[in-house]
Amino acid sequence: MEKDVYEKIMDLARRRGYLWSSFEIYGGIAGFVDYGPLGCLLKNNIISKFREQYIVKEGFYEIESPTVTPYEVLKASGHVDNFTDPIVECKNCLESFRADHLIEEFADVDTEGKTLKELDELIKKYNVRCPKCGGELGEVKKFNLMFVTSIGPGGKRTGYMRPETAQGIFIQFRRLAQFFRNKLPFGVVQIGKSYRNEISPRQGVIRLREFTQAEIEYFVHPERKEHEKFDLVKDEVVPLLPAERQMDENLKEDEKVIKISIGEAVEKGIIRHQTIAYFIALTKRFLEAIGIDKDKIRFRQHLPNEMAHYAIDCWDAEIYTERFGWIECVGIADRTDYDLRSHSAHSGVELSIFVELDEEREIETYEINLNYKVVGRIFKKDTKAIEAYINNLSEKEKEEFVKNIENNGKVIINIDGKEFEILKDYVEIKKVKKVIKGEKVIPHVIEPSYGIDRITYCLLEHSYREEEDRVYLDLKPSIAPIKAYVLPLVNKDDMPKIAKEINQMLRESGIIAEYDDSGAIGRRYMRADEIGVPFCITVDGQTLKDKTVTVRERNTREQVRVKIDELINYLKEKLKE
RNA sequence: GCGCCGGUGGUGUAGCCUGGUAUCACUCUGGCCUUCCAAGCCAGCGACCCGGGUUCAAAUCCCGGCCGGCGCACCA
C-alpha cells in the first residue's frame, strides 16, 4: 500500500536525524520524542523566529521558571481540581468511563462538584451499570493529567510537572509589574517544556506527554482591550471559523469558514476585541514566516463547551495535515483575570496594578475594614483571602458590597468556588471623600500559546516535495537546519582541500555548513536536498583557475558562479529569506 | 484504558503456515573511478521489539509486556 505523507515524513525524519522515538532501545514510551541533530536545529530556528517576532519586534520579555511546580500553585490555578477526570471501570468488561457523565446519563442528576465518594454513592444509589455490558462498576478513581512528583526528602511537599508554562508568569506578576514600571499593557513570554500525562497518546509528535510550548501572557487593562498597533494588521485577511457558524446546521462544512479582514471581523463583532484579533494576525504572520502553507491555516473559535476552565474566549490556529486533518497548533485565549484573582485569593497577596487616571478627581467611596477579631476567629486561614478579595474590589463592586450588606445584613462572597458569608458586624464601613489619582486594576490576560512540536511537524509536512527523481524539503533558508553543503566536484587535485577550507570559512562566519566528498556529485546533491539544505557549493576545475565556485539552489537546481571572496555575503543575503 | 491488526539490518523486504539463527535490493562506511544532479567496480558495517513458556532446538508455535496503525473512549 502507498504510504501516506505522514509516514513518509516520519520515515525521513527518523532516517535523517530530525525526530526519533525516545528511549527506543528500552522499547520506547508513547508520548515522548527526541529531536535529533537536524530536528534540534530546525526547532531552534523556529523558536528564534518566535523570539524575533515577539521579543524583538513586539517588545515583550521572556522569563524562565521551573518546570516542577508546587501543589499550591496548581491548586490555585484550578489544575489540581479541573485537570482531572473521575474514571470508573467496569469489573466485567474492563471498559472505563467518565463516572460523572455516566451518572448524569443514567440518573439525570447534577454531579457538578461532587467528590469521588459522593460519586461512588450515587452509582450505588441509582444502581448505575456498565452501559456496554451491564456489568458492575468498580470504584471511582481520579485520573489527573498532571505528572506528580515529590519535592525534597520524605516527599512532604507534592509537586507537579507544569501542565503549561503560563503559571510561572502569573505567580511572578508583582515582580513583572514592577519591571514594566506598572504600565499596562505588557507582554511576557515563556518558552519551555510542559507535561500532560495523556491517557493514550497517539499520532507521534502531535500528542506528546512532554512538549514544548511558547506562550505569551499579555496583560491588559480589563476595559481597554483595543490594541495600539491594530492599524498595522487590520487589513490582514484571515480565514475564520467562528463558534456560531460551526454550530449552524444550515451551513455545509466548507461554507463555515469566512475570509475576512481582521479589522472587519472586530467591527462586526466576530472577534470580540482588538487584542485577540491582533494576535490572530501576528500568529498568521509568524506561521507564514516560518514556511507554513498559508492556505492550510485557519482560526477556529472554541465552542462554549470546549473552553478551558480559565478562558472566556479562545481561537485556535489550526493547521491542515494530510493524515490528521486540521490540528490545533496555537491557542489564543482570553483568560480574563481568572488566574491573577485565583492566585491572589490563595496566596493572600494582592495582584493588581495601580492605573493612573487622566485627571484626578474627587469621589465618594467606602472604606471597608475587616473586624479582624471577629473575622479571624470565624474564617481562620481564609481570612487572608477575604482580605485580599475586599482590597481588590473596584469602586463599583464596593458600592454593590455596601448596598447588599446594608439591605440584607450580609453579603455572600465567592472566592474560588468557596462561599463566605460576611455579616454586617464583620466589617466596618466608612463613607469617605477621596481624591483619587487612579485605581487598582487586576489586568486581564490574553494568551497566545504556541505548540512548538506540532508546528515543527506541520512545517516538515508542508515542506515535503516529491519530484520524479528526488525528494526534498522546501525549507526556507532562514529555517533550514543546515544552510550549505560544500562539495568537491571530484576528489582530485586541490578540490577537496579548497572545499574543506570554504566549509570552515562558512562555519567561522556563523553559517552551518557540511563538507561531503563521498560518491558522485549527483548523489550528494540528492542527500542535501532530502534534508532541506538550500545551497550546495561546488568546487570544480574552474575554481582552481579563477577562485569562483558554483552555488546550486535547491528548489530550482540552478547554478550560479560566485567568487569565493564574495560567498559569505552572497549567502548571508540569501539566508535572510 | 478496551478491541482488531502489525513489529526481521538505517530503509523496503524474503523466510513464519510446515521450528534447525536469515534472503534480496537500496542506503551507509573505506578504496578505486568519476569534471555537475542517486552511474560503475572492489571490500566492509549492519537485523529477527522485550520477557516468559513449549522443545534437543524458536524469527517461526503459545502467553504476557512494550511500541506502532486503525476503531471506541479521552484530549481541560
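Scanning residues 188-196 of chain A for heavy-atom distances under 4.0 Å to RNA chain B yields A/Arg196. Contacts with RNA chain B (heavy atom under 4.0 Å) in residues 533-540 of chain A: A/Thr538, A/Asp540, listed by number. Interface residues of residues 512-523 of chain A facing RNA chain B, ordered by number: A/Ser518, A/Ala520, A/Ile521, A/Gly522, A/Arg523; criterion, heavy-atom separation under 4.0 Å.
Partners of A/Lys492 according to the salt bridge (charged side-chain N to carboxylate O under 4.0 Å, His left out) rule, which considers only residues two or more places apart in sequence or in another chain, do not exist here.
Map A/Ala30 and A/Met526 each onto its nearest nucleotide of RNA chain B; the residue landing nearer the 5' end is A/Met526. In terms of position on RNA chain B, the residue among A/Leu489 and A/Arg14 whose nearest nucleotide sits closer to the 5' end is A/Arg14.
If you look at A/Tyr457 and A/Tyr6, their ring centroids are closer than 6.0 Å. Between A/Trp326 and A/Tyr320, the distance separating the two ring centers is shorter than 6.0 angstrom. Between A/Phe279 and A/Tyr218, the distance separating the two ring centers is shorter than 6.0 angstrom. Between A/Tyr485 and A/Phe535, the gap from one ring centroid to the other reaches at least 6.0 Å. Proximity of the aromatic rings of A/Phe211 and A/Tyr195 is defined here by a centroid distance below 6.0 angstrom, and this criterion is not met.
For A/Arg323 and B/C70, the shortest distance from a side-chain N or O to OP1 or OP2 is below 4.0 Å.
Every pair tested for salt bridge (charged side-chain N to carboxylate O under 4.0 Å, His left out) that includes a residue from residues 31-43 of chain A fails, sequence neighbours excluded, so the list is empty.
Across all strands shown, the partner of B/C2 is B/G71, judged by Watson-Crick or G-U wobble contacts whose two distances both fall under 3.5 Å. Using N1 to N3 plus N6-O4 or O6-N4 for Watson-Crick, or N1-O2 and O6-N3 for G-U wobble, each under 3.5 Å, B/G51 pairs with B/C63. If you check B/G40 for Watson-Crick or wobble pairing at under 3.5 angstrom, you find it paired to B/C32. Checking B/G20 for Watson-Crick or G-U wobble geometry (two distances, each under 3.5 Å) identifies B/C56 as its partner.
Contact annotation for A/Gln203: backbone-only contact, meaning every heavy-atom pair under 4.0 Å involves sugar-phosphate atoms and none involves a base.
Applying the 3.5 Å distance criterion, the base of B/C36 shares no donor-acceptor pair with the side chain of A/Arg552. A donor-acceptor contact under 3.5 angstrom links the side-chain atoms of A/Arg207 to the base of B/C74. Donor-acceptor pairing under 3.5 Å, judged by distance alone, is absent between the side chain of A/Tyr26 and the base of B/C66.
In summary, of the residues considered (A/Glu215, A/Glu217, A/Glu164, A/Glu328), a side-chain hydrogen bond (donor to acceptor under 3.5 Å, both in side chains) with A/Ser449 occurs for A/Glu215 alone.
In this structure, CZ of A/Arg524 is placed 13 Å from C1' of B/C33, rounded to the nearest angstrom. In this entry the distance linking CZ of A/Arg15 with P of B/C28 reads 10 Å, nearest Å.
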If you restrict it to nitrogen or oxygen atoms, what contacts under 3.5 Å exist between nucleotides 45-48 of chain B and the protein, and what is each distance?
none

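Under the 6.0 Å distance and 45° angle rule, A/Arg552 counts as a cation-pi partner of A/Tyr525.
Out of B/U34, B/C67, B/C36, the shortest distance to the side chain of A/Ile29 is found at B/C67.
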